[in-house]
Amino acid sequence: MIKEPAKSLEVKDSYDVVIAGGGIAGISAALAAKRQGKRVLLIEREYLLGGLATLGLITIYLPLCDGKGRRVIYGIGEELMRLAFSHGAEKPLSSAWIKQLDGIDVPREELCASRCRCRYNASLFALLAEEKLLSESIDILYGTTVVGAIVKRQKVTNLIVENKSGRYAIGVGSVVDATGDADIAKLCGAETAVFGQGNILAGWYYFGSEKAANELKILGASDIPDDEKSEEEKQNDTRRRFSGLDAGEISEQVCLSHSSTLEHFLKNGDLSPSHTLNSVATVPQIRMTRRIVGRETLSTDSPHEERSDSVGLFPDWRKKGPVYELPFGALCSKDIKNLIAAGRNISTTDSMWDITRVIPVCAVSGEAAGTAAAMSNDFGRLSLRRLQSALRQNGVKLHEKEIK
C-alpha cells in the first residue's frame with residue numbers, strides 16, 4: 001500500500017450539463033440538454049462516438065415499434081435511427097415503415113409484417129453523430145476518463161478527469177451518467193447494483209466474401225437473464241461469465257474475443273480478394289455490468305401500465321406486444337441530487353435490464369435525462385409536469401394511449 005501525494009487541481013472549465021459516455025444514451029442526452037439552451041460537454045474515453053453501437057459493431061438499430069404495427073419511440077430515438085440510415089443502410093427498414101416514418105398512413109397489417117428496425121454502417125453512423133453534435137455547438141472531449149468526483153451536500157460540484165493534458169477538474173451544474181457501467185455514480189459514492197449473472201463471450205466482426213463485400217458475423221450475443229430461466233437451464237449453462245468490472249478480466253475477455261474472431265475467420269482460408277477481414281470490435285462486447293440504484297427500480301411486471309411520472313415509452317425488442325412507460329425515478333440517483341443516469345445503467349431488475357440496454361431505449365432514457373439535467377441541478381425538486389411538457393414538445397410519447 002502506498003499513499004499518493006496530494007496536490008491541487010486546476011479547474012479548467014465549467015458547464016451547465018456534463019455527460020460522461022458518448023454512446024447512444026450520451027449522444028441523446030447531449031442533444032436534449034443543448035436544445036434546452038445549456039452549455040454542454042460530452043466526455044468520451046475513446047476517439048469515436050457510439051460505444052457498443054459503433055465501436056462494438058452491434059450494428060442493429062432494434063425496433064421503434066411494438067411488433068403489432070404501432071410505433072412507440074419518437075423524438076431523438078427516431079432522429080438517430082434516421083441519421084443511421086440517412087446515407088444508406090446495410091439492411092434497410094421495410095418500405096411500409098419508411099412510409100410510416102415519413103408521415104404516410106399505412107395499413108396496420110402491412111406494418112405488422114415487419115418490425116421498425118434496420119442495420120447500419122458503424123463508422124458512418126459514428127461520423128454522422130459527431131457531425132450532428134458539433135453542428136449544434138456541443139463540446140466533445142475525446143480520450144478522456146472521469147477518475148473522480150467532488151461531492152458536497154449531496155451534489156457533484158466537479159468531475160476530475162485525466163487525458164493527454166493531464167489531470168484536472170471540470171465544474172458541473174448537473175451530470176448525466178451514460179458510461180454504461182454507472183462509473184460516475186460509483187465515483188460519487190451513490191448506491192449501485194451489479195449484474196451478478198455476468199456476460200458470455202462475444203466477438204462480432206465484419207468480413208468480405210464472394211457473396212458480399214461486407215457481412216456481419218455474430219459470434220456470441222446477449223443471454224437470457226437468470227431470473228427468466230428455469231433451475232435446470234441455469235445448472236446446465238456452464239459458459240464462462242465476465243463481469244466487465246475488473247481490468248484484468250476485461251483484458252482477458254477481449255483477448256479471447258480476438259482469438260475467437262481470428263480462428264473463425266481463418267476457418268474459411270487465408271486472406272484473399274474474396275475473403276477479407278474488414279473490421280473487429282474495438283471495445284469489449286459486454287452488455288450489462290453495473291447500474292444505479294434509483295428512486296425506483298423498473299421491472300417487467302406491469303407492461304401497459306400508465307405511470308404519472310412517465311418520461312418516455314419503449315417496446316420489448318425480444319417479443320411482440322409489451323409496451324412500457326419509463327418512470328423518471330428509474331433515472332435518478334437516490335443519493336446524489338444532481339446525478340441522473342441514462343442508457344444501460346438505469347435502475348431496473350435484471351429482466352428489464354435486458355430490454356432497456358439496447359439502442360432505441362438508450363435514446364429514450366438519454367433524451368429524458370438530458371432534458372432533465374438542463375432544467376435542474378436538483379432532480380428531487382424538478383417539476384415533473386415541466387419536464388414532461390418539454391419532452392412532448394420534442395415529439396416524445398409518454399403514455400401508451402398516445403400512440404396509434
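Just so you know, these numbers use all the heavy atoms, side chains as well, and skip hydrogens, waters and symmetry mates.
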Colleague: Which distance, rounded to the nearest 0.5 Å, do you find between the CZ of Arg115 and the CH2 of Trp97?
Modeller: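 Rounded to the nearest 0.5 Å, the CZ-CH2 separation comes to 9.0 Å.
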Colleague: Apply the test side-chain contact (heavy atoms from CB on, under 4.5 Å) to residues Leu80 and Ile27: give CA-CA distance (whole Å), side-chain angles for both, the deciding distance (0.1 Å), then the verdict.
Modeller: CA-CA 9 Å; Leu80 291 183; Ile27 292 167; 4.2 Å; yes
Colleague: If the threshold is 4.0 Å, N to carboxylate O, is there a salt bridge linking Arg307 and Asp309?
Modeller: no
Colleague: Say whether Thr300 and Ser351, considering side chains only, have a donor N or O and an acceptor N or O under 3.5 Å apart.
Modeller: no
Colleague: Enumerate the residue pairs fulfilling salt bridge (charged side-chain N to carboxylate O under 4.0 Å, His left out) with a member in residues 70-85, sequence neighbours excluded, ordered by first and then second residue.
Modeller: Arg35-Glu79, Asp66-Arg70, Arg70-Glu400, Arg71-Glu78, Glu78-Arg82, Glu79-Lys132, Arg82-Asp102
Colleague: Take a 6.0 Å sphere around CD1 of Ile224 and say whether it holds more than 12 heavy atoms from other residues, nucleotides or ligands.
Modeller: no
Colleague: Any non-hydrogen side-chain atom of Ile170 less than 4.5 Å from a side-chain atom of Leu141?
Modeller: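 A side-chain contact under 4.5 Å exists here.
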Colleague: State, with a plain yes or no, whether a side-chain heavy atom of Asp226 is found less than 4.5 Å away from one of Asp350.
Modeller: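 The answer is no, as the side chains (C-beta and beyond) never meet within the 4.5 Å cut-off.
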Colleague: Once rounded to the nearest 0.5 Å, what's the spacing between atom CZ of Phe85 and atom CG of Leu93?
Modeller: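 Phe85 CZ to Leu93 CG: 5.0 Å, rounded to 0.5 Å.
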Colleague: Measure the shortest side-chain to side-chain distance between Thr348 and Arg291 over non-hydrogen atoms and say whether it is less than 4.5 angstrom.
Modeller: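 Heavy-atom side-chain distance check passes, below 4.5 Å.
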Colleague: Flag yes if more than 12 heavy atoms outside Glu402 fall under 6.0 Å of its CD atom; otherwise flag no.
Modeller: yes
Colleague: Test Ile286 against Gln253 for side-chain contact (heavy atoms from CB on, under 4.5 Å), laying out the working first.
Modeller: CA-CA 9 Å; Ile286 292 175; Gln253 186 270 345; 4.1 Å; yes
Colleague: May I have all residue pairs that pass salt bridge (charged side-chain N to carboxylate O under 4.0 Å, His left out) and include part of residues 324-336, sequence neighbours excluded?
Modeller: Glu191-Lys334
Colleague: Any sub-3.5 Å donor-acceptor pair from Ser257's side-chain atoms to Ala202's backbone N or O?
Modeller: yes
Colleague: Are any side-chain N or O atoms of Ser260 and backbone N or O atoms of Gly203, one a donor and one an acceptor, separated by less than 3.5 Å?
Modeller: no
Colleague: Kindly compute the distance separating OG1 (Thr289) from CG (Asn199), expressed to the nearest 0.5 Å.
Modeller: 7.5 Å
Colleague: Can you tell me how far apart CG (Leu52) and OG1 (Thr59) are? Round to the nearest 0.5 Å.
Modeller: 11.5 Å
Colleague: Once salt bridge (charged side-chain N to carboxylate O under 4.0 Å, His left out) is applied, what residue pairs with a partner in residues 166-189 remain, sequence neighbours excluded?
Modeller: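 Matches after skipping sequence neighbours: Glu162-Arg167, Asp181-Arg344, Asp183-Arg290.
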Colleague: Taking all heavy atoms of Tyr120 and all of Ile60, pick out the closest pair and write down the distance.
Modeller: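 That would be CE2-N, 3.9 Å.
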Colleague: Would you say the side-chain atoms of Ser376 and Asp378 include a donor-acceptor pair closer than 3.5 Å?
Modeller: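 Ser376 vs Asp378: no donor-acceptor pair found between side chains.
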Colleague: Looking only at atom types and distance, does a side-chain atom of Glu233 sit under 3.5 Å from a main-chain N or O of Lys229, one as donor and one as acceptor?
Modeller: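 Checking the backbone N and O of Lys229 against the side chain of Glu233, no donor-acceptor pair under 3.5 Å is found.
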Colleague: Mind checking the CD1-CD1 spacing from Ile184 to Ile19? Nearest 0.5 Å is all I need.
Modeller: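 It is 11.5 Å, given to the nearest 0.5 Å.
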Colleague: Can you list every pair that meets salt bridge (charged side-chain N to carboxylate O under 4.0 Å, His left out) and has a residue in residues 246-274, with sequence neighbours left out?
Modeller: Arg240-Glu252
Colleague: For Glu232, I'd like to know if atom CD has over 12 heavy atoms of other residues, nucleotides or ligands within 6.0 Å.
Modeller: no
Colleague: Ser174 and Asn338: side chain to side chain donor-acceptor pair (under 3.5 Å), yes or no, with the steps?
Modeller: CA-CA 5 Å; Ser174 56; Asn338 63 338; over 6 Å; no
Colleague: List the steps, then state whether side chain to side chain donor-acceptor pair (under 3.5 Å) holds for Asp223 with Gln197.
Modeller: CA-CA 10 Å; Asp223 190 24; Gln197 178 178 336; 3.2 Å; yes
Colleague: Which heavy atom of Tyr15 sits nearest to which heavy atom of Asp139, and what is that distance?
Modeller: OH-OD2, 2.7 Å
Colleague: State, without any angle test, whether Asp316 and Tyr324 hold a side-chain donor-acceptor pair at a distance under 3.5 Å.
Modeller: no
Colleague: Taking Ser28 for its side chain and Gly26 for its backbone only, find out whether a donor-acceptor pair lies under 3.5 Å.
Modeller: no
Colleague: Between Arg241 and Asp237, is there a side-chain heavy-atom distance shorter than 4.5 Å?
Modeller: yes
Colleague: Are any of the side-chain heavy atoms of Glu210 and His275 separated by less than 4.5 Å?
Modeller: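 No; the side chains remain at least 4.5 Å from each other.
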Colleague: Please check if the side chain of Thr276 supplies one atom and the backbone of Asn278 the other of a donor-acceptor pair under 3.5 Å.
Modeller: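 No; judged by distance alone, with no hydrogens or angles, the pair does not exist.
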Colleague: So which heavy atom on Asn163 is nearest to which on Thr144, and how close?
Modeller: ND2-OG1, 3.1 Å
Colleague: Under 3.5 Å, side chain of Trp204 to main-chain N/O of Gly220, donor-acceptor pair present?
Modeller: yes
Colleague: Sub-3.5 Å donor-acceptor pair from the side chain of Asn214 to the main-chain atoms of Leu216, do we have one?
Modeller: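 It does not hold such a pair.
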Colleague: Short question: side chain of Gln285, backbone of Gly56 - any donor-acceptor pair under 3.5 Å?
Modeller: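 Yes, Gln285 side chain to Gly56 backbone: donor-acceptor pair under 3.5 Å.
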Colleague: Given the ring of Tyr168, does Lys12 sit roughly above its face, with NZ or CZ under 6.0 Å from the centre of the six-membered ring and within 45° of the axis?
Modeller: yes
Colleague: Report yes if the side chains of Leu313 and Leu326 come closer than 4.5 Å at any heavy-atom pair, otherwise no.
Modeller: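 Heavy-atom side-chain distance check fails, nothing below 4.5 Å.
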Colleague: Which heavy atom in Ser347 sits nearest to a heavy atom in Thr297, and how many Å separate them?
Modeller: OG-OG1, 3.0 Å
Colleague: Could you state the interatomic distance from CG (Leu55) to OG1 (Thr282), rounded to the nearest 0.5 Å?
Modeller: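 Output value for this atom pair is 4.0 Å.
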Colleague: Might you work through the side-chain contact (heavy atoms from CB on, under 4.5 Å) test for Gln154 and Lys152, ending with a clear yes or no?
Modeller: CA-CA 5 Å; Gln154 292 184 280; Lys152 296 179 180 178; over 6 Å; no
Colleague: Is a side-chain donor-acceptor pair under 3.5 Å present for Tyr206 with Glu90?
Modeller: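 Yes - a donor-acceptor pair under 3.5 Å links their side chains.
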Colleague: Specify the closest pair of heavy atoms between Ile340 and Leu331, including all atoms of both residues, with the distance to one decimal.
Modeller: CG1-O, 3.3 Å
Colleague: Give every residue pair that meets the side-chain hydrogen bond (donor to acceptor under 3.5 Å, both in side chains) criterion with at least one member in residues 36-51, sequence neighbours excluded.
Modeller: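 Every side-chain hydrogen bond (donor to acceptor under 3.5 Å, both in side chains) pair that includes a residue of residues 36-51, provided the two are not neighbours, is Asp13-Arg39.
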Colleague: Is atom NZ of Lys234 surrounded by more than 12 heavy atoms (other residues, nucleotides or ligands) closer than 6.0 Å?
Modeller: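 Counting neighbours around NZ of Lys234, more than 12 heavy atoms of other residues, nucleotides or ligands fall under 6.0 Å, so yes.
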Colleague: Which heavy atom in Trp353 sits nearest to a heavy atom in Ala193, and how many Å separate them?
Modeller: CH2-O, 4.2 Å
Colleague: Report yes if the side chains of Phe242 and Ile250 come closer than 4.5 Å at any heavy-atom pair, otherwise no.
Modeller: no
Colleague: Do Pro327 and Val311 have side chains that get closer than 4.5 Å, going by heavy atoms?
Modeller: no
Colleague: If the plane angle is over 60° it's perpendicular, under 30° parallel, otherwise tilted; pick one for Tyr61 and Phe125.
Modeller: tilted
Colleague: Have Ser94 and Ser114 got a donor and an acceptor in their side chains that come within less than 3.5 Å?
Modeller: yes
Colleague: Run the side-chain contact (heavy atoms from CB on, under 4.5 Å) check on Glu215 and Tyr205 step by step: do they pass?
Modeller: CA-CA 8 Å; Glu215 295 184 65; Tyr205 71 93; over 6 Å; no
Colleague: Which pairs with one or both residues in residues 357-369 pass side-chain hydrogen bond (donor to acceptor under 3.5 Å, both in side chains), sequence neighbours excluded?
Modeller: Ser222-Arg357, Asp354-Arg357
Colleague: Return yes if some donor-acceptor pair links the side-chain N/O of Thr145 with the main-chain N/O of Val147 below 3.5 Å, else return no.
Modeller: no
